[in-house]
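Take a look at the structure below.
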Amino acid sequence: MKNNNIITIDGPSASGKGSLAKALAKELDFILLDSGLLYRAYSYCFEQSQNHVKAKNLFLNLQINSIDHQMYVFESSKDITSILRDENIAKSASILSGLKETRDNLISFQRDLASDRGLVADGRDMGTVVFPDAGTKIFLVADAEVRAKRRFLELQNAGQGVNMRDLIDDIRLRDEADKAREISPLMPANDSIEVNSSNLTPQEVLEIVLKIYKENTKED
Ligand code: C5P
């Protein structure tokens with residue numbers, strides 16, 4: 001039985017998942033699950049403990065809040081969301097996300113966010129593993145150069161100095177690792193719809209996905 005209260009958006013880094021998920025959550029007044037941010041937060045905790053049991057406890061002590069359709073992470077009331085967006089955290093998240101312990105420690109937290117309120121879940125395995133019953137599943141892709149350029153602008157706007165060539169290499173390596181890992185690899189669910197955002201504005205992507213969602217929910 002499909003759950004029309006859940007929309008999943010999976011795809012490689014910087015394909016536009018984050019902006020799309022945020023815009024959809026706002027439009028439909030759904031909660032946003034930014035699962036990449038959870039993997040980043042877990043890595044932040046693991047760096048402090050070097051141990052999965054302790055990392056899970058540290059993670060559960062963080063405050064993870066949805067404010068204005070965005071996810072924020074607080075540690076002892078301090079907003080650490082922008083610290084978690086750092087490329088170094090992304091690298092360790094990418095390594096740790098290949099481990100069963102990490103994924104097991106995060107799965108129930110993610111599933112618990114589903115409710116009648118509605119959920120837009122953004123990640124790599126949202127449609128395949130975490131919410132296989134989601135009513136609408138999108139696999140968002142974009143050309144590698146477009147993605148690197150987007151991520152470059154994002155990091156530059158956040159005040160982080162980055163080198164474009166290093167960024168292209170990092171994104172490629174992380175995508176390859178996400179696709180090749182044994183547990184929850186990055187891949188489209190059988191019942192997902194692929195959308196290529198390379199030549200589309202964020203508004204055009206939003207409109208396409210809203211149309212798909214409305215068609216799916218009309219069948220009820
Ligand atoms: O999406 P974001 O770049 O914030 O994700 C950080 C890392 O977390 C990714 O490179 C990926 O390895 C991992 N991740 C994952 N499964 C998810 C979301 C993110 O493995 N559902």
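Atoms within each ligand, like the ligands themselves, are counted from 1 in listed order. Bear in mind the structure is a predicted one, so any value in this text is a computation, not a measurement. Side chains are part of it too, since the values below use all heavy atoms of this structure and drop only hydrogens, waters and symmetry mates.
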Without swapping roles, check the side chain of Lys137 against the backbone of Gly127 for a donor-acceptor pair under 3.5 Å. yes
Measuring from [X]:[atom1] to [Y]:[atom2], what's the distance to the nearest 0.5 Å?
{"X": "Ser19", "Y": "Arg150", "atom1": "OG", "atom2": "CZ", "answer": "7.5 Å"}
{"X": "Ile193", "Y": "Glu215", "atom1": "CD1", "atom2": "CD", "answer": "8.0 Å"}
{"X": "Gln63", "Y": "Ile80", "atom1": "CD", "atom2": "CD1", "answer": "9.0 Å"}

For the residue pair His52 and Tyr42, does the interplanar ring angle fall in the parallel (under 30°), tilted (30 to 60°) or perpendicular (over 60°) class? parallel
For a quick check: using heavy atoms under 4.0 Å, what are the residues in contact with ligand 1, sorted by chain and number? Ser35, Gly36, Tyr39, Arg40, Ala93, Ser94, Ser97, Arg103, Gly123, Arg124, Asp125, Met126, Arg174, Asp178, Arg181
Report yes if the distance between the aromatic ring centroids of Phe59 and Tyr44 is under 6.0 Å, otherwise no. no
